[in-house]
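For reference, the structure discussed in these notes is given below.
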Amino acid sequence: MRSGVRRHRPTALGGALTALATAAAGVLVAAAVSTTPAAAAVGGTGTGYLHTSGNKIVDSTGATVRLTGINWFGMETDNKTFHGLWSSNPWRGQLDKMASLGYNTLRIPYSNDALKPGATASGINDFVNPDLVGLSPLQILDKVIDYAGGKGMRVILDRHRPTAAGQSPLWYTSTVSEATWINDWKMLAQRYAGNPTVIGADLHNEPHAEGTNPAATGACWGCGDTARDWRLAAERAGNAILGVQPNWLIFVEGVSCPSGGLSNVWDGDPSNDEDCGWWGGNLTKAKDFPVRLNVANRLVYSPHEYATSVYRQTWFDAPDYPANMPAIWDRYWGYLHKQNIAPIMMGEFGSTLADPKDKVWLENLMAYTGTGVNGMSFTYWSWNPNSGDTGGIALDDWTNINTTKQAILQPYLIPPVGGGGPSPTPTTPGPTPTTPAPTGGCTASYKQVNAWQGGFQGELTVKNTGTAAVNPWSVTWAWPSGVSLASGWNATVTQSGTTVTAAAPDWSRSLAAGASVTIGFTANGAASAPGTVKLTGTAC
């Protein structure tokens, strides 16, 4: 018997497990992150809307796209908006960091409470994020989607909970009907129609078993009971959404136990015992009972997979661990990809890495997904450090990074292409020649993005106006005395005295003729525009 037990309830401001994960893992200042994506990274997230072809996700030109994303939660909680907006790192800075690390997709959990008329967002630091003050949860979501799209990222919306109170085994409750669930999805599909940044709907988070067999009351797969059969409900909601927005992908999670009930091991009846998995992670019945959508090539199966920090499944203690894991993944969901039935997009997976077994688990899971653009898609759980059972990629300050986790994920990340900068290029072995700054120099423009008491956020865009590439590029500027760098992104940003240097990251060392790079930063002190800007020693 395998338990489907999973308790995934993020806390408001972190806890003991987060602290443990932070202590156990490395710390990396955001300004010094250097990423080295895999060779397939040039593809980004494609062009136009996405659809499926066999086990692949492809763009409007037919090019294969691999979604390598991350979850940023909070909109499903009482705050009704993204967590971490209370920190000193502005919301744009957090998205900039996600993109610079190589996450090309953002999965955004929400509850129906956040969509209600009159819903209010809370937990926002108005000094750091004054542009969010007074906005509704949906208006904040609009801004995040717009900015993420400008960086070449894609967005998946995830109906995580019916209410902020907690998850539910079925897609409806006594207070949130199936009609509300579907109508809210149709509203979102209409709201973002025509915006290819938003690529689809993860219909309901982690359908799972409830009640003890044979008196099951939870989500089943293929049982035929319209009140409990998650496969049939996914068809109803998916087709309703596609009726409004036929270009969206429909992401369908699994169940925990296909019967919808927990096994009764005490009754001596083996017919009540079945192969159960993680909440949302069991797609064993999807081949025999596939989700049928009215628009072809829109279905993506989206299992969840976790480690011992969430629940110690029996397979973690098997004598042949971790060699036993690929067969387990094959059985629950991997066969759908391997048999070319449908694409897989792992919507959630994560761990504190506090147990040594978990590091082995994560390394083996990532290898199982495959490398390069043809690998399985995924969105890691989570960006948030305050996920009690997994911790996050961001540490408790929402600025520094858990380097241990990031190093395991890094070879599989395909950075987004866009946001005003040049496309990322893979690194090659050996020294890279330095090209002198071309005749004609550069131009520089500055935008103050935000300001608060004691600090500000800005973006410096430098364009190579010469006739040859600058390789490697670097940008320097001067600040008045009393202004100090807090964090930076899209480059390795450091400060010495009043001079700030932004050095090219490994994945984008060359700045082509006519190309621009935008360097983002936060700083302490009075808001000041960069002065004496130079591109590799040439004044702009």
Side-chain angles (χ1 to χ4, degrees), residues 30-31 33 35 37 44-45 67-75 79 81-110 121 123-125 128-132 135 137-158 192 195-199 379-386 392-395 397-401 406 409 413-421 424 447-450 452 456-461 486-491 493 505 508 517-522:
V33 170
T35 60
T45 55
L67 307 176
T68 63
I70 196 161
N71 287 267
W72 188 9
F73 70 73
M75 195 175 173
N79 295 99
T81 193
F82 301 89
H83 282 181
L85 300 184
W86 54 67
S87 74
S88 60
N89 192 6
W91 68 271
R92 288 186 181 88
Q94 299 197 47
L95 285 169
D96 289 338
K97 175 51 58 183
M98 294 176 207
S100 72
L101 291 172
Y103 298 102
N104 64 31
T105 301
L106 190 64
R107 180 175 179 262
I108 302 176
Y110 72 86
I124 299 173
N125 184 333
V128 175
N129 299 301
D131 54 329
L132 303 184
L135 298 186
L138 277 173
Q139 288 172 328
I140 295 174
L141 179 62
D142 291 343
K143 290 177 74 72
V144 168
I145 288 171
D146 181 65
Y147 191 73
K151 303 192 75 62
M153 299 175 77
R154 302 288 192 151
V155 169
I156 299 168
L157 300 176
D158 156 44
Y192 299 113
N195 182 354
T197 296
V198 185
I199 57 171
T379 49
Y380 185 80
W381 187 278
S382 60
W383 173 249
N384 304 51
N386 61 314
I393 293 298
L395 297 180
D397 61 1
W398 297 83
T399 301
N400 294 331
I401 302 302
Q406 184 65 25
L409 298 172
L413 299 179
I414 298 179
V417 176
K447 179 175 70 172
Q448 181 175 303
V449 175
N450 213 337
W452 54 91
F456 62 102
Q457 176 187 356
E459 292 179 349
L460 176 63
T461 299
S487 66
W489 48 92
N490 295 341
V493 189
S508 185
V517 61
T518 298
I519 301 147
F521 58 80
T522 58

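Scope of the values below: all heavy atoms of this structure, side chains included, with no hydrogens, waters or symmetry mates.
The heavy-atom pair separating Thr522 from Pro90 by the smallest distance is CG2-CD, 3.7 Å. Taking every heavy atom of both residues into account, Pro415 and Ala99 meet most closely at CB-O, 4.5 Å. In this structure, Pro416 and Lys151 approach most closely via the heavy-atom pair CB-O, 3.3 Å. Shortest non-hydrogen contact noted between Gly93 and Gln457 is N-NE2, 3.7 Å. When all heavy atoms of Val144 and Ile108 are compared, the pair lying nearest together is CG1-CD1, 4.5 Å.
With hydrogens and angles disregarded, a donor-acceptor distance shorter than 3.5 Å links the side chain of Asn384 to the backbone of Phe73. With hydrogens and angles ignored, the 3.5 Å screen pairs no side-chain donor or acceptor of Asn104 with any backbone N or O of Thr45. Under the 3.5 Å distance criterion, the side-chain polar atoms of Arg154 are matched with a main-chain donor or acceptor of Pro196. A distance-only check finds a donor-acceptor pair linking the side chain of Asn71 to the backbone of Thr379 [under 3.5 Å].
The CG atom of Leu413 sits 5.0 Å away from the OH atom of Tyr103 when rounded to the nearest 0.5 Å. The CD1 atom of Ile393 sits 13.0 Å away from atom CG of Asn400, with the distance rounded to the nearest 0.5 Å. Atom CE of Met75 and atom CG of Leu138 lie 5.0 Å apart (nearest 0.5 Å). Rounding to the nearest 0.5 Å places OG of Ser87 at 10.5 Å from CG of Asn386. In this structure, Thr399 OG1 and Gln94 CD are separated by 6.5 Å, a value rounded to the nearest 0.5 Å. Note that CZ of Phe82 is 12.0 Å distant from NZ of Lys143, once rounded to the nearest 0.5 Å.
In this structure the side chain of Ile124 never reaches within 4.5 angstrom of the side chain of Leu135, judged on heavy atoms. Contact of the Pro130 side chain with the Asn450 side chain is registered, since non-hydrogen atoms from C-beta on lie closer than 4.5 Å. Two residues are said to be in side-chain contact when any heavy atoms from C-beta on lie closer than 4.5 Å; Asn89 and Val128 fail this criterion. Side-chain atoms of Tyr192 and Asp142, non-hydrogen and from C-beta on, do get closer than 4.5 Å to each other. Trp398 is listed as a side-chain neighbour of His83, based on a closest heavy-atom distance under 4.5 Å. Between Ile70 and Leu106, the closest side-chain pair of non-hydrogen atoms falls below 4.5 Å. Using a 4.5 Å heavy-atom cutoff, the side chains of Asp96 and Tyr147 are in contact. Between Leu141 and Tyr110 there is no side-chain heavy-atom pair separated by less than 4.5 Å.
Using modelled atom types, one finds a donor on one side chain and an acceptor on the other under 3.5 Å when comparing Trp91 with Asp131. A donor and an acceptor atom, one from each side chain of Asn195 and Thr197, are located under 3.5 Å apart.
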Task: Intermediate values then yes/no, side chain to side chain contact (heavy atoms under 4.5 Å, CB included), Leu67 and Ile156 - done: CA-CA 10 Å; Leu67 307 176; Ile156 299 168; 4.3 Å; yes
- [ ] Go through the steps to decide whether Trp72 and Leu95 satisfy the test side chain to side chain contact (heavy atoms under 4.5 Å, CB included), and finish with yes or no.
- [x] CA-CA 10 Å; Trp72 188 9; Leu95 285 169; 4.0 Å; yes
